[in-house]
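Structure, as structure tokens:
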Number of protein chains: 2
Amino acid sequence: MAQEQAATSGRSYRDPCGVCLDCAVRRQAVCAALEDHELGALQAIMVSTRIGAQQTVVEEGQPRRRVFTLTSGMLRLYTMLPDGRRQITAFLLPGDYLGLGDESSYDQTAEAVVDSVLCGFPVAEMDRLMERYPRLQLRLNQMTRIALRQARDSQLILGRLAPVEKLASFLLVLSERQAESGEPESPVHLAMTRTDIADYLGLTIETVSRSFTKLRLQGLIQLPEAHQVEIIDRRALTAVAGITPR
Amino acid sequence: MAQEQAATSGRSYRDPCGVCLDCAVRRQAVCAALEDHELGALQAIMVSTRIGAQQTVVEEGQPRRRVFTLTSGMLRLYTMLPDGRRQITAFLLPGDYLGLGDESSYDQTAEAVVDSVLCGFPVAEMDRLMERYPRLQLRLNQMTRIALRQARDSQLILGRLAPVEKLASFLLVLSERQAESGEPESPVHLAMTRTDIADYLGLTIETVSRSFTKLRLQGLIQLPEAHQVEIIDRRALTAVAGITPR
DNA sequence: CGTGTCTTTGAGGCAACTCAACACTCGTGG
DNA sequence: CCACGAGTGTTGAGTTGCCTCAAAGACACG
């Protein structure tokens, strides 16, 4: 396992050039709740952080002092059992918020899947800001509700779908999220490894690999590279998934 | 399947005698956020509803017009696949709130496991009340965060635990929740059927039954009745569960 | 060019599922 | 009072499919 190598944080700094106004996730993240002229207040408490792939952002059990918006890259959120079994509960994409479910301490570990950039906010100052701008609070609640729905979708996938169905629905969700970010639906880019996918879907890497092969042999997808999935027959893939992705 | 028999609501009425002040879940439910003298506002929009076992409270897809606090009994929240496979994502106990994750329409079906009593609130009036009492809003957000954490715990259980481990952790969680309600920890009362447990843990009823037998033969539990579980060796049961319940 | 990581594929075993039968409880009605 | 049927839970036998173990290919990096 490579991700145990480092728990160090990346370099932090007041972002010199990238202002919130020009941010790539300005319309997706928490900040979407604020008007342009209100952004300064958020930017004043914001610290931009770059983090390398496989590095830990926050660790389960640590005091929850900062919350984050992911602006680029990808994070995995996971819980680990004493014997090493791991369950990834979510992949965070740009615009997503880190710290939604946590109370006084983080209850899951967050690691960067690839090099990522985060906006960090001190919890205390964020709380003050939410009192000042109630819409910020409302937006955060909405994002928590969305996360809850996603977690419950995941429960269905983990509990009742067969391996191929799990993978099909996973690919469709990724495809949808790519589309939401303005990228094309079809060549789905898998930033995570097969191990990550397995630990997200409750499978072994071998079963994940075999499921990819099955979908490929059925002509539903193509795999030009291991991390590039071309969706050939979306309708059939949806049928295999058993569920209509939200 | 018996639960398809009825989608009718129980009788609704302004509760004549039971006032919020004397409510059994006054300190656990949303209303815990309000002072005694503020309760009247909540009670004014509240409609108490009795619902029989197996009856549907809200159905997936319906417009979310009312939200509820469960005051007695038990609900199951579930999603169903077109082919009949079912995943129960949560069991709601007295004090729990129904409608946390939903936006404009319910995204899961809620059914009564046993005869239950609910406090119903029109969404529009509840929203107005939350503006008037910000603490109500905060409390609801906190409950959503708790639900999110529970859903993520469930993801771990579904994705990475073996059947016996799943059942052990399920029993421990129920035991804990009983204790929170002031009841004894040990004879855990299982209001739901084996089918419900199976659909919650991602197993078949036979595997659930065999797992009960395994725990019993190992001397960790006793089963005087099918719905009564005496926890004999809590430490060993926790070890089997693999996780420390929150 | 060797080393390490990641992915895929193959072979075999075991555990959970499927199918089936039986025990038990609880109503209902003869 | 007992026979009967429906619903629920347990147990057994057999099968399927996922996991385990193993190996080889692909690729990046030093």
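Everything numeric in this text was worked out from a predicted model, so none of it was measured. We name chains A, B, ... by the order of the sequence lines, and we start the count at 1 in each one.
Considering only side-chain N and O atoms, A:Thr204 lies under 4.0 angstrom from the phosphate OP1 or OP2 of D:dC19.
For A:Arg65, the CZ atom is loosely surrounded, since the number of other residues' heavy atoms within 6.0 Å does not exceed 12.
Distance, A:Leu223 CG to C:dC6 P: 18 Å, rounded to whole Å. Rounded to a whole Å, the CD1 atom of B:Ile205 is 14 Å from the C1' atom of C:dC22. C:dT18 atom C1' lies 15 Å from atom CG of B:Leu203, rounded to whole Å. Rounded to an integer number of Å, the gap from B:Leu158 CG to C:dA16 C1' is 15 Å. For the pair B:Leu161 CG and C:dA15 P, the computed distance is 17 Å after rounding to whole Å. Separating the CZ atom of B:Arg160 from the C1' atom of D:dC18 is a distance of 12 Å, rounded to the nearest angstrom. The CD-P distance, from A:Glu225 to C:dT5, rounds to 22 Å in whole Å. Protein atom CD of B:Gln228 is 16 Å distant from nucleotide atom C1' of C:dT25, rounded to whole Å.
Contacts between residues 206-217 of chain A and DNA chain C, counted as heavy-atom distances below 4.0 Å, involve A:Glu206, A:Ser209, A:Arg210, A:Thr213, A:Arg216.
With no hydrogens or angles considered, a side-chain donor-acceptor pair links A:Ser154 and B:Gln155 at under 3.5 Å. Between the side chains of B:Thr79 and B:Gln108, at least one donor N or O sits under 3.5 Å from an acceptor N or O.
Cation-pi contact between B:Arg177 and B:Phe91: absent, since separation from the ring centre below 6.0 Å together with deviation from the ring axis within 45° is not met.
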Decide side-chain contact (heavy atoms from CB on, under 4.5 Å) for A:Leu215 and A:Leu171; before the verdict, give the C-alpha distance in whole Å, the side-chain angles of both, and the deciding distance to 0.1 Å.
-> CA-CA 11 Å; A:Leu215 292 178; A:Leu171 292 176; 4.1 Å; yes
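A salt bridge links A:Arg160 to B:Asp199: at least one charged side-chain nitrogen sits closer than 4.0 Å to a carboxylate oxygen.
Proximity note for A:His227 (side chain, C-beta onward) versus C:dT7, D:dC18, D:dT10: the nearest is C:dT7.
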